[in-house]
2 protein chains.
Amino acid sequence: MSSCDLCVVRNRAICAALDSKELEALNAIGRTRNITSGESLIWEGEDSVLVANVIEGVLKLSTNTEDGREQIVGVVYPSDFIGRPFGGKSGHGVTALTDAKVCVFSRRDFDAFSREHPKLEHKLLERTLGELDRTRRWMLLLGRKSASEKMASFLIEMSERLTGSGCKVDADKPNQRHLVLPFSRQQIADVLGLTIETVSRQFTRLKNEGVIDLPSRRDVTILDYQALVAEAG
Amino acid sequence: MSSCDLCVVRNRAICAALDSKELEALNAIGRTRNITSGESLIWEGEDSVLVANVIEGVLKLSTNTEDGREQIVGVVYPSDFIGRPFGGKSGHGVTALTDAKVCVFSRRDFDAFSREHPKLEHKLLERTLGELDRTRRWMLLLGRKSASEKMASFLIEMSERLTGSGCKVDADKPNQRHLVLPFSRQQIADVLGLTIETVSRQFTRLKNEGVIDLPSRRDVTILDYQALVAEAG
DNA sequence: CGAAATGTTGACCAAGTTCAATAAGCGTGG
DNA sequence: CCACGCTTATTGAACTTGGTCAACATTTCG
(Lines give C-alpha, C1' and ligand atoms only; values in the text may rest on other atoms or scores of the structure.)
Protein backbone atom coordinates (compact mmCIF):
# COMPACT_ATOMS: atom_id res chain seq x y z
CA MET A 1 0.00 0.00 0.00
CA SER A 2 1.43 3.33 -1.07
CA SER A 3 1.17 6.36 1.17
CA CYS A 4 -1.07 7.93 -1.53
CA ASP A 5 -3.93 5.77 -0.31
CA LEU A 6 -4.04 7.88 2.81
CA CYS A 7 -3.71 11.15 0.93
CA VAL A 8 -6.54 13.58 1.62
CA VAL A 9 -6.54 14.90 -1.94
CA ARG A 10 -6.26 11.44 -3.50
CA ASN A 11 -9.64 11.73 -5.20
CA ARG A 12 -9.54 15.37 -6.16
CA ALA A 13 -5.98 15.92 -7.44
CA ILE A 14 -4.84 14.72 -10.85
CA CYS A 15 -3.81 11.46 -9.16
CA ALA A 16 -7.48 10.49 -9.22
CA ALA A 17 -6.87 9.37 -12.80
CA LEU A 18 -4.63 6.54 -11.66
CA ASP A 19 -5.39 3.07 -10.32
CA SER A 20 -3.60 1.87 -7.23
CA LYS A 21 -0.79 0.17 -9.11
CA GLU A 22 -0.03 3.27 -11.15
CA LEU A 23 -0.33 5.35 -8.03
CA GLU A 24 2.34 3.27 -6.41
CA ALA A 25 4.69 4.03 -9.30
CA LEU A 26 3.92 7.73 -9.01
CA ASN A 27 4.44 7.58 -5.28
CA ALA A 28 7.89 6.14 -5.90
CA ILE A 29 9.08 9.28 -7.69
CA GLY A 30 7.44 11.81 -5.36
CA ARG A 31 7.80 12.84 -1.78
CA THR A 32 5.81 15.05 0.53
CA ARG A 33 7.28 18.25 1.79
CA ASN A 34 6.17 20.70 4.43
CA ILE A 35 6.48 24.39 3.75
CA THR A 36 6.10 27.10 6.35
CA SER A 37 4.14 30.25 5.67
CA GLY A 38 6.24 32.70 3.66
CA GLU A 39 8.61 30.05 2.33
CA SER A 40 9.03 29.73 -1.45
CA LEU A 41 8.94 26.48 -3.37
CA ILE A 42 9.71 27.86 -6.84
CA TRP A 43 11.34 31.15 -7.90
CA GLU A 44 10.38 33.30 -10.84
CA GLY A 45 12.63 32.81 -13.84
CA GLU A 46 14.39 29.67 -12.64
CA ASP A 47 14.42 26.57 -14.81
CA SER A 48 11.42 24.44 -14.06
CA VAL A 49 12.93 21.76 -11.85
CA LEU A 50 9.96 20.58 -9.86
CA VAL A 51 6.22 20.21 -9.97
CA ALA A 52 3.86 19.40 -7.12
CA ASN A 53 0.37 18.76 -5.88
CA VAL A 54 -0.97 20.82 -3.01
CA ILE A 55 -2.11 18.63 -0.14
CA GLU A 56 -2.72 21.27 2.52
CA GLY A 57 -2.55 25.06 2.72
CA VAL A 58 -2.71 27.96 0.31
CA LEU A 59 0.09 29.23 -1.93
CA LYS A 60 0.43 32.25 -4.19
CA LEU A 61 1.88 32.44 -7.69
CA SER A 62 3.48 35.83 -8.26
CA THR A 63 5.53 37.87 -10.72
CA ASN A 64 7.44 41.06 -10.13
CA THR A 65 8.56 43.97 -12.25
CA GLU A 66 12.27 44.79 -12.13
CA ASP A 67 11.59 47.66 -9.77
CA GLY A 68 9.79 45.45 -7.30
CA ARG A 69 6.09 45.88 -7.96
CA GLU A 70 4.34 42.56 -7.46
CA GLN A 71 1.31 40.96 -9.04
CA ILE A 72 -0.19 37.77 -7.70
CA VAL A 73 -1.18 35.80 -10.80
CA GLY A 74 -2.75 32.82 -9.13
CA VAL A 75 -3.66 31.24 -5.82
CA VAL A 76 -3.60 27.50 -5.31
CA TYR A 77 -5.49 25.35 -2.83
CA PRO A 78 -5.44 21.70 -1.79
CA SER A 79 -5.62 19.33 -4.80
CA ASP A 80 -4.30 22.01 -7.18
CA PHE A 81 -1.27 21.35 -9.32
CA ILE A 82 1.85 23.54 -9.18
CA GLY A 83 4.68 24.02 -11.63
CA ARG A 84 5.50 23.95 -15.29
CA PRO A 85 5.80 20.47 -16.80
CA PHE A 86 7.48 19.94 -20.17
CA GLY A 87 10.37 22.32 -20.06
CA GLY A 88 10.62 26.04 -19.97
CA LYS A 89 11.26 28.39 -17.14
CA SER A 90 8.90 29.14 -14.35
CA GLY A 91 7.17 32.43 -15.17
CA HIS A 92 6.25 33.05 -11.56
CA GLY A 93 7.36 32.30 -8.05
CA VAL A 94 5.37 29.99 -5.78
CA THR A 95 5.23 30.96 -2.11
CA ALA A 96 3.23 29.58 0.79
CA LEU A 97 0.65 31.95 2.29
CA THR A 98 -0.07 29.53 5.10
CA ASP A 99 1.86 26.54 6.35
CA ALA A 100 1.42 23.99 3.62
CA LYS A 101 2.07 20.42 2.66
CA VAL A 102 2.82 19.49 -0.94
CA CYS A 103 3.67 16.35 -2.85
CA VAL A 104 6.70 17.21 -5.01
CA PHE A 105 8.20 15.53 -8.06
CA SER A 106 11.27 16.28 -10.07
CA ARG A 107 9.96 17.81 -13.25
CA ARG A 108 11.92 15.36 -15.41
CA ASP A 109 10.53 12.35 -13.59
CA PHE A 110 7.02 13.72 -13.70
CA ASP A 111 7.26 14.52 -17.42
CA ALA A 112 8.37 10.99 -18.21
CA PHE A 113 5.72 9.45 -16.00
CA SER A 114 2.89 11.54 -17.37
CA ARG A 115 3.80 10.86 -21.00
CA GLU A 116 3.27 7.19 -20.21
CA HIS A 117 -0.03 7.78 -18.46
CA PRO A 118 -2.49 9.50 -20.77
CA LYS A 119 -5.22 9.49 -18.15
CA LEU A 120 -3.00 11.55 -15.88
CA GLU A 121 -2.20 13.95 -18.71
CA HIS A 122 -5.88 14.22 -19.44
CA LYS A 123 -6.64 15.24 -15.86
CA LEU A 124 -3.81 17.73 -15.98
CA LEU A 125 -5.18 19.13 -19.24
CA GLU A 126 -8.65 19.58 -17.75
CA ARG A 127 -7.16 21.28 -14.75
CA THR A 128 -4.99 23.56 -16.88
CA LEU A 129 -7.93 24.52 -19.09
CA GLY A 130 -9.93 25.39 -15.99
CA GLU A 131 -7.10 27.44 -14.58
CA LEU A 132 -6.76 29.31 -17.88
CA ASP A 133 -10.49 30.14 -17.79
CA ARG A 134 -10.21 31.40 -14.26
CA THR A 135 -7.11 33.44 -15.06
CA ARG A 136 -8.76 35.07 -18.06
CA ARG A 137 -11.77 35.99 -15.95
CA TRP A 138 -9.38 37.68 -13.54
CA MET A 139 -7.96 39.77 -16.41
CA LEU A 140 -11.32 41.49 -16.78
CA LEU A 141 -11.09 42.47 -13.15
CA LEU A 142 -7.53 43.75 -13.46
CA GLY A 143 -8.07 45.64 -16.68
CA ARG A 144 -11.53 47.05 -16.33
CA LYS A 145 -12.92 47.06 -12.81
CA SER A 146 -12.88 49.87 -10.26
CA ALA A 147 -11.42 49.45 -6.77
CA SER A 148 -14.84 48.79 -5.23
CA GLU A 149 -15.74 46.26 -7.91
CA LYS A 150 -12.38 44.54 -7.44
CA MET A 151 -12.89 44.35 -3.72
CA ALA A 152 -16.40 42.90 -4.00
CA SER A 153 -15.26 40.38 -6.63
CA PHE A 154 -12.38 39.37 -4.40
CA LEU A 155 -14.58 38.68 -1.40
CA ILE A 156 -16.99 36.67 -3.53
CA GLU A 157 -14.17 34.63 -5.05
CA MET A 158 -12.71 34.01 -1.60
CA SER A 159 -15.99 32.86 -0.14
CA GLU A 160 -16.34 30.41 -3.03
CA ARG A 161 -12.81 29.05 -3.02
CA LEU A 162 -12.51 28.77 0.72
CA THR A 163 -15.75 26.85 1.15
CA GLY A 164 -14.81 23.86 3.23
CA SER A 165 -11.45 25.13 4.42
CA GLY A 166 -11.69 28.79 5.41
CA CYS A 167 -15.36 29.62 4.86
CA LYS A 168 -18.46 28.73 6.79
CA VAL A 169 -22.03 29.33 5.67
CA ASP A 170 -24.77 29.37 8.28
CA ALA A 171 -27.85 27.56 6.96
CA ASP A 172 -30.17 30.04 8.72
CA LYS A 173 -28.51 33.06 7.14
CA PRO A 174 -27.80 32.25 3.51
CA ASN A 175 -26.87 35.83 2.74
CA GLN A 176 -24.16 35.74 5.36
CA ARG A 177 -20.84 33.88 5.62
CA HIS A 178 -17.60 33.99 7.49
CA LEU A 179 -14.12 33.67 6.05
CA VAL A 180 -10.57 33.51 7.30
CA LEU A 181 -8.41 35.14 4.68
CA PRO A 182 -5.04 33.58 3.91
CA PHE A 183 -3.88 37.04 2.77
CA SER A 184 -2.42 40.14 4.39
CA ARG A 185 -3.66 43.52 3.16
CA GLN A 186 -0.57 43.86 1.00
CA GLN A 187 -1.23 40.49 -0.60
CA ILE A 188 -4.84 41.40 -1.32
CA ALA A 189 -3.51 44.55 -2.99
CA ASP A 190 -1.13 42.39 -5.04
CA VAL A 191 -3.99 40.18 -6.17
CA LEU A 192 -6.20 43.10 -7.19
CA GLY A 193 -3.62 45.44 -8.67
CA LEU A 194 -4.22 48.10 -6.02
CA THR A 195 -2.27 49.65 -3.16
CA ILE A 196 -2.57 48.55 0.44
CA GLU A 197 -4.15 51.89 1.35
CA THR A 198 -6.92 51.53 -1.22
CA VAL A 199 -7.66 48.01 0.00
CA SER A 200 -7.84 49.26 3.56
CA ARG A 201 -10.19 52.10 2.62
CA GLN A 202 -12.46 49.73 0.72
CA PHE A 203 -12.62 47.42 3.74
CA THR A 204 -13.64 50.24 6.06
CA ARG A 205 -16.17 51.56 3.56
CA LEU A 206 -17.82 48.12 3.22
CA LYS A 207 -17.83 47.83 6.99
CA ASN A 208 -19.40 51.29 7.44
CA GLU A 209 -22.05 50.40 4.87
CA GLY A 210 -22.86 47.26 6.86
CA VAL A 211 -21.99 44.91 4.01
CA ILE A 212 -19.23 43.17 5.97
CA ASP A 213 -17.84 42.99 9.46
CA LEU A 214 -14.16 42.73 10.35
CA PRO A 215 -13.76 40.85 13.65
CA SER A 216 -9.98 40.73 13.17
CA ARG A 217 -7.39 41.42 10.49
CA ARG A 218 -7.76 38.06 8.84
CA ASP A 219 -11.46 37.51 9.51
CA VAL A 220 -14.27 38.81 7.36
CA THR A 221 -17.94 38.27 7.99
CA ILE A 222 -20.02 38.91 4.92
CA LEU A 223 -23.31 40.33 6.20
CA ASP A 224 -24.93 40.96 2.83
CA TYR A 225 -23.68 38.65 0.12
CA GLN A 226 -26.18 39.99 -2.41
CA ALA A 227 -24.85 43.50 -1.94
CA LEU A 228 -21.38 42.24 -2.81
CA VAL A 229 -22.67 40.50 -5.92
CA ALA A 230 -24.39 43.72 -6.95
CA GLU A 231 -21.21 45.68 -6.40
CA ALA A 232 -18.90 43.25 -8.19
CA GLY A 233 -19.89 44.56 -11.66
CA MET B 1 -4.78 12.04 -49.07
CA SER B 2 -6.63 14.23 -46.63
CA SER B 3 -6.87 17.96 -47.19
CA CYS B 4 -4.77 18.37 -44.02
CA ASP B 5 -1.68 17.45 -46.01
CA LEU B 6 -1.97 20.78 -47.75
CA CYS B 7 -2.66 22.71 -44.55
CA VAL B 8 -0.19 25.51 -43.91
CA VAL B 9 -0.27 24.99 -40.15
CA ARG B 10 -0.03 21.20 -40.44
CA ASN B 11 3.33 21.09 -38.68
CA ARG B 12 2.78 23.79 -36.10
CA ALA B 13 -0.77 23.20 -34.87
CA ILE B 14 -1.63 20.41 -32.45
CA CYS B 15 -2.27 18.21 -35.51
CA ALA B 16 1.51 17.82 -35.79
CA ALA B 17 1.17 15.08 -33.18
CA LEU B 18 -0.71 12.85 -35.61
CA ASP B 19 0.46 10.56 -38.41
CA SER B 20 -1.28 10.74 -41.76
CA LYS B 21 -3.75 7.99 -40.99
CA GLU B 22 -4.85 9.63 -37.75
CA LEU B 23 -4.96 12.94 -39.52
CA GLU B 24 -7.39 11.55 -42.00
CA ALA B 25 -9.69 10.53 -39.18
CA LEU B 26 -9.45 13.99 -37.66
CA ASN B 27 -10.07 15.56 -41.04
CA ALA B 28 -13.27 13.55 -41.30
CA ILE B 29 -14.79 15.27 -38.27
CA GLY B 30 -13.59 18.81 -39.07
CA ARG B 31 -14.20 21.33 -41.77
CA THR B 32 -12.59 24.62 -42.72
CA ARG B 33 -14.52 27.80 -42.37
CA ASN B 34 -13.85 31.34 -43.49
CA ILE B 35 -14.62 34.18 -41.17
CA THR B 36 -14.70 37.82 -42.15
CA SER B 37 -13.17 40.51 -40.02
CA GLY B 38 -15.49 41.41 -37.16
CA GLU B 39 -17.43 38.16 -37.31
CA SER B 40 -17.70 36.05 -34.15
CA LEU B 41 -17.10 32.33 -33.98
CA ILE B 42 -17.96 31.81 -30.30
CA TRP B 43 -19.95 33.95 -27.88
CA GLU B 44 -19.20 34.57 -24.24
CA GLY B 45 -21.26 32.42 -21.91
CA GLU B 46 -22.63 30.02 -24.49
CA ASP B 47 -22.17 26.28 -24.03
CA SER B 48 -18.93 25.18 -25.60
CA VAL B 49 -20.16 23.68 -28.88
CA LEU B 50 -17.12 23.98 -31.08
CA VAL B 51 -13.36 24.11 -31.04
CA ALA B 52 -11.01 25.07 -33.86
CA ASN B 53 -7.51 25.56 -35.12
CA VAL B 54 -6.56 28.88 -36.65
CA ILE B 55 -5.22 28.48 -40.16
CA GLU B 56 -5.05 32.11 -41.23
CA GLY B 57 -5.74 35.48 -39.64
CA VAL B 58 -5.88 36.90 -36.13
CA LEU B 59 -8.75 36.58 -33.65
CA LYS B 60 -9.42 38.09 -30.26
CA LEU B 61 -10.76 36.43 -27.12
CA SER B 62 -12.78 38.89 -25.09
CA THR B 63 -14.99 39.24 -22.03
CA ASN B 64 -17.34 42.04 -21.10
CA THR B 65 -18.78 43.43 -17.90
CA GLU B 66 -22.56 43.69 -17.75
CA ASP B 67 -22.38 47.40 -18.48
CA GLY B 68 -20.35 46.92 -21.62
CA ARG B 69 -16.72 47.45 -20.70
CA GLU B 70 -14.55 45.03 -22.65
CA GLN B 71 -11.30 43.28 -21.89
CA ILE B 72 -9.43 41.35 -24.54
CA VAL B 73 -8.08 38.30 -22.71
CA GLY B 74 -6.16 36.70 -25.53
CA VAL B 75 -5.17 37.02 -29.15
CA VAL B 76 -4.75 33.97 -31.36
CA TYR B 77 -2.67 33.52 -34.50
CA PRO B 78 -2.28 30.82 -37.14
CA SER B 79 -1.68 27.37 -35.61
CA ASP B 80 -3.27 28.41 -32.29
CA PHE B 81 -6.12 26.42 -30.82
CA ILE B 82 -9.50 27.97 -30.02
CA GLY B 83 -12.29 26.84 -27.74
CA ARG B 84 -12.98 24.96 -24.55
CA PRO B 85 -12.74 21.18 -24.87
CA PHE B 86 -14.22 18.91 -22.20
CA GLY B 87 -17.40 20.65 -21.28
CA GLY B 88 -18.17 23.88 -19.62
CA LYS B 89 -19.22 27.18 -21.02
CA SER B 90 -17.06 29.47 -23.05
CA GLY B 91 -15.77 32.18 -20.72
CA HIS B 92 -15.04 34.56 -23.57
CA GLY B 93 -16.16 35.41 -27.06
CA VAL B 94 -13.97 34.73 -30.09
CA THR B 95 -14.08 37.31 -32.86
CA ALA B 96 -12.00 37.74 -36.00
CA LEU B 97 -9.82 40.86 -36.09
CA THR B 98 -8.87 40.17 -39.71
CA ASP B 99 -10.42 37.91 -42.28
CA ALA B 100 -9.56 34.46 -41.05
CA LYS B 101 -9.68 30.80 -41.91
CA VAL B 102 -10.19 28.19 -39.21
CA CYS B 103 -10.56 24.44 -39.03
CA VAL B 104 -13.60 23.78 -36.84
CA PHE B 105 -14.74 20.67 -34.99
CA SER B 106 -17.84 19.97 -32.98
CA ARG B 107 -16.64 19.98 -29.41
CA ARG B 108 -18.17 16.57 -28.73
CA ASP B 109 -16.46 14.97 -31.71
CA PHE B 110 -13.17 16.60 -30.82
CA ASP B 111 -13.39 15.50 -27.18
CA ALA B 112 -13.99 11.91 -28.19
CA PHE B 113 -11.21 11.96 -30.76
CA SER B 114 -8.66 13.52 -28.48
CA ARG B 115 -9.34 11.10 -25.65
CA GLU B 116 -8.35 8.33 -28.03
CA HIS B 117 -5.21 10.11 -29.20
CA PRO B 118 -2.93 10.86 -26.26
CA LYS B 119 -0.32 12.45 -28.49
CA LEU B 120 -2.86 15.02 -29.59
CA GLU B 121 -3.87 15.67 -26.00
CA HIS B 122 -0.25 16.06 -25.09
CA LYS B 123 0.24 18.74 -27.74
CA LEU B 124 -2.89 20.47 -26.56
CA LEU B 125 -1.62 20.33 -22.99
CA GLU B 126 1.72 21.89 -23.97
CA ARG B 127 -0.08 24.61 -25.86
CA THR B 128 -2.47 25.28 -22.99
CA LEU B 129 0.38 25.47 -20.48
CA GLY B 130 2.15 27.96 -22.74
CA GLU B 131 -0.98 30.03 -23.11
CA LEU B 132 -1.45 30.05 -19.33
CA ASP B 133 2.13 31.32 -18.89
CA ARG B 134 1.57 34.06 -21.42
CA THR B 135 -1.75 35.04 -19.85
CA ARG B 136 -0.22 35.26 -16.40
CA ARG B 137 2.56 37.46 -17.72
CA TRP B 138 -0.12 39.75 -19.13
CA MET B 139 -1.70 40.02 -15.67
CA LEU B 140 1.41 41.80 -14.41
CA LEU B 141 0.92 44.34 -17.17
CA LEU B 142 -2.77 44.83 -16.40
CA GLY B 143 -2.39 45.03 -12.66
CA ARG B 144 0.85 46.88 -12.17
CA LYS B 145 2.08 48.74 -15.22
CA SER B 146 1.58 52.40 -16.16
CA ALA B 147 0.08 53.48 -19.47
CA SER B 148 3.49 54.09 -21.04
CA GLU B 149 4.83 50.74 -19.82
CA LYS B 150 1.71 49.02 -21.15
CA MET B 151 2.12 50.66 -24.52
CA ALA B 152 5.81 49.75 -24.84
CA SER B 153 5.11 46.17 -23.73
CA PHE B 154 2.32 45.94 -26.27
CA LEU B 155 4.50 47.05 -29.17
CA ILE B 156 7.24 44.62 -28.16
CA GLU B 157 4.77 41.74 -27.87
CA MET B 158 3.27 42.62 -31.26
CA SER B 159 6.64 42.74 -32.96
CA GLU B 160 7.40 39.29 -31.56
CA ARG B 161 4.09 37.63 -32.34
CA LEU B 162 3.70 39.12 -35.77
CA THR B 163 7.16 38.09 -36.96
CA GLY B 164 6.57 36.33 -40.22
CA SER B 165 3.05 37.56 -40.80
CA GLY B 166 2.78 41.24 -39.95
CA CYS B 167 6.29 42.20 -38.93
CA LYS B 168 9.44 42.73 -40.93
CA VAL B 169 12.92 43.22 -39.53
CA ASP B 170 15.53 44.86 -41.71
CA ALA B 171 18.89 43.10 -41.27
CA ASP B 172 20.78 46.42 -41.57
CA LYS B 173 18.78 48.07 -38.84
CA PRO B 174 18.31 45.56 -36.04
CA ASN B 175 16.90 48.18 -33.72
CA GLN B 176 14.13 48.97 -36.16
CA ARG B 177 11.11 47.03 -37.40
CA HIS B 178 7.83 47.55 -39.12
CA LEU B 179 4.47 46.12 -38.12
CA VAL B 180 0.95 46.08 -39.42
CA LEU B 181 -1.35 45.99 -36.42
CA PRO B 182 -4.45 43.81 -36.59
CA PHE B 183 -6.01 46.13 -33.98
CA SER B 184 -7.95 49.39 -33.99
CA ARG B 185 -7.13 51.92 -31.29
CA GLN B 186 -10.16 50.78 -29.32
CA GLN B 187 -8.99 47.18 -29.48
CA ILE B 188 -5.51 48.15 -28.30
CA ALA B 189 -7.21 49.93 -25.40
CA ASP B 190 -9.21 46.75 -24.69
CA VAL B 191 -6.03 44.67 -24.63
CA LEU B 192 -4.21 47.05 -22.29
CA GLY B 193 -7.03 48.03 -19.96
CA LEU B 194 -6.87 51.68 -21.04
CA THR B 195 -9.11 54.12 -22.90
CA ILE B 196 -8.79 54.91 -26.58
CA GLU B 197 -7.70 58.45 -25.75
CA THR B 198 -4.84 57.30 -23.56
CA VAL B 199 -3.66 54.89 -26.26
CA SER B 200 -3.77 57.69 -28.80
CA ARG B 201 -1.80 60.04 -26.55
CA GLN B 202 0.84 57.38 -25.92
CA PHE B 203 1.20 56.82 -29.67
CA THR B 204 1.75 60.50 -30.34
CA ARG B 205 4.16 60.81 -27.45
CA LEU B 206 6.26 57.88 -28.69
CA LYS B 207 6.18 59.41 -32.17
CA ASN B 208 7.25 62.83 -30.87
CA GLU B 209 10.08 61.22 -28.93
CA GLY B 210 11.25 59.54 -32.12
CA VAL B 211 10.79 56.01 -30.75
CA ILE B 212 8.25 55.04 -33.39
CA ASP B 213 6.79 56.36 -36.62
CA LEU B 214 3.14 56.05 -37.66
CA PRO B 215 2.89 55.90 -41.47
CA SER B 216 -0.82 55.08 -41.22
CA ARG B 217 -3.38 54.06 -38.62
CA ARG B 218 -2.53 50.40 -38.74
CA ASP B 219 1.20 50.73 -39.46
CA VAL B 220 3.87 51.23 -36.85
CA THR B 221 7.57 51.55 -37.55
CA ILE B 222 9.63 50.94 -34.45
CA LEU B 223 12.65 53.23 -34.80
CA ASP B 224 14.28 52.43 -31.46
CA TYR B 225 13.44 48.97 -30.20
CA GLN B 226 15.81 49.30 -27.25
CA ALA B 227 14.02 52.41 -26.06
CA LEU B 228 10.77 50.42 -26.01
CA VAL B 229 12.41 47.63 -24.05
CA ALA B 230 13.70 50.18 -21.55
CA GLU B 231 10.26 51.71 -21.23
CA ALA B 232 8.37 48.43 -20.88
CA GLY B 233 9.24 48.09 -17.16
C1' DC C 1 -18.40 63.55 -52.83
C1' DG C 2 -20.52 63.24 -48.49
C1' DA C 3 -21.62 60.56 -44.48
C1' DA C 4 -20.14 57.64 -40.98
C1' DA C 5 -16.63 55.63 -38.49
C1' DT C 6 -12.22 56.10 -36.42
C1' DG C 7 -8.64 58.70 -34.39
C1' DT C 8 -6.49 62.98 -32.20
C1' DT C 9 -6.23 66.74 -29.14
C1' DG C 10 -7.44 69.74 -25.26
C1' DA C 11 -9.49 71.07 -20.80
C1' DC C 12 -11.20 69.36 -16.81
C1' DC C 13 -12.10 65.90 -13.31
C1' DA C 14 -11.89 61.99 -10.22
C1' DA C 15 -10.19 57.62 -8.74
C1' DG C 16 -6.60 55.91 -6.77
C1' DT C 17 -1.63 56.62 -5.44
C1' DT C 18 1.80 58.67 -2.57
C1' DC C 19 3.56 60.34 1.51
C1' DA C 20 3.19 60.86 6.28
C1' DA C 21 1.32 60.32 10.76
C1' DT C 22 -1.19 57.37 13.88
C1' DA C 23 -3.15 53.11 15.62
C1' DA C 24 -3.62 48.34 16.39
C1' DG C 25 -1.81 43.54 16.63
C1' DC C 26 1.82 40.31 17.62
C1' DG C 27 5.82 38.14 19.54
C1' DT C 28 9.65 38.13 22.63
C1' DG C 29 11.75 38.45 26.81
C1' DG C 30 11.81 40.27 31.41
C1' DC D 1 1.46 38.46 32.42
C1' DC D 2 2.59 42.63 30.69
C1' DA D 3 5.85 45.88 28.60
C1' DC D 4 8.44 46.94 24.72
C1' DG D 5 9.43 47.01 20.00
C1' DC D 6 8.36 45.62 15.43
C1' DT D 7 5.28 44.72 11.93
C1' DT D 8 0.88 45.46 9.81
C1' DA D 9 -3.09 48.25 9.11
C1' DT D 10 -5.74 52.61 9.12
C1' DT D 11 -6.53 57.33 8.23
C1' DG D 12 -5.75 61.93 6.31
C1' DA D 13 -4.09 65.35 2.89
C1' DA D 14 -1.92 66.46 -1.34
C1' DC D 15 -0.96 65.00 -5.73
C1' DT D 16 -0.83 62.41 -10.26
C1' DT D 17 -2.30 59.52 -13.68
C1' DG D 18 -5.43 58.30 -16.56
C1' DG D 19 -10.45 58.92 -17.51
C1' DT D 20 -14.31 61.82 -19.20
C1' DC D 21 -16.39 64.95 -22.15
C1' DA D 22 -16.27 67.65 -26.11
C1' DA D 23 -14.47 69.59 -30.30
C1' DC D 24 -12.11 68.70 -34.33
C1' DA D 25 -9.45 65.95 -37.87
C1' DT D 26 -8.79 62.20 -40.75
C1' DT D 27 -9.84 58.06 -43.11
C1' DT D 28 -12.97 54.92 -45.25
C1' DC D 29 -16.62 53.54 -47.87
C1' DG D 30 -20.99 53.76 -50.13
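All figures in this text were calculated on a predicted structure; none of them were measured in a lab.
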> Where each residue is assigned the nucleotide of DNA chain C containing its nearest heavy atom, which of B/L214 and A/T198 is assigned the position nearer the 5′ end?
Replying inline: B/L214
> Ignoring hydrogens and geometry, is there a side-chain-to-backbone donor-acceptor pair from A/R177 to A/I222 under 3.5 Å?
Replying inline: no
> A/S146 has a side chain; which of C/dG16, C/dT9, D/dG18 sits nearest to it?
Replying inline: C/dG16
>> Nearest whole Å is fine: how far is C/dA15 C1' from A/R144 CZ?
In response: 15 Å
> Is the base of C/dG10 touched by the side chain of B/R201 through a donor-acceptor pair closer than 3.5 angstrom?
Replying inline: yes
> Looking at D/dG18, C/dT9, D/dA9, which one has an atom nearest to any side-chain atom of A/R185?
Replying inline: D/dA9
> Which listed nucleotide (C/dG7, D/dA9, C/dG16) is nearest to the side chain of B/I196?
Replying inline: C/dG7
> Does B/V199 or A/E197 map to a spot on DNA chain C nearer the 5' end, using the closest nucleotide for each?
Replying inline: B/V199
> How many Å lie between CG on A/L181 and C1' on D/dT8, as a whole number?
Replying inline: 14 Å
>> To the nearest 0.5 Å, what is the distance between NZ on A/K60 and CG on A/D190?
In response: 6.5 Å
> Does a nitrogen or oxygen in the side chain of B/T204 sit under 4.0 Å from OP1 or OP2 of C/dT9?
Replying inline: yes
> Does NZ or CZ of A/R161 lie under 6.0 Å from the centre of the six-membered ring of A/Y77, at an angle within 45° of the ring axis?
Replying inline: no
>> Taking B/R205 first and then B/E209, would you say they form a salt bridge - that is, a charged N and a carboxylate O separated by under 4.0 Å?
In response: yes
> Which nucleotide sits closest to the side chain of B/R217: D/dT8, D/dT27, C/dG16?
Replying inline: D/dT27
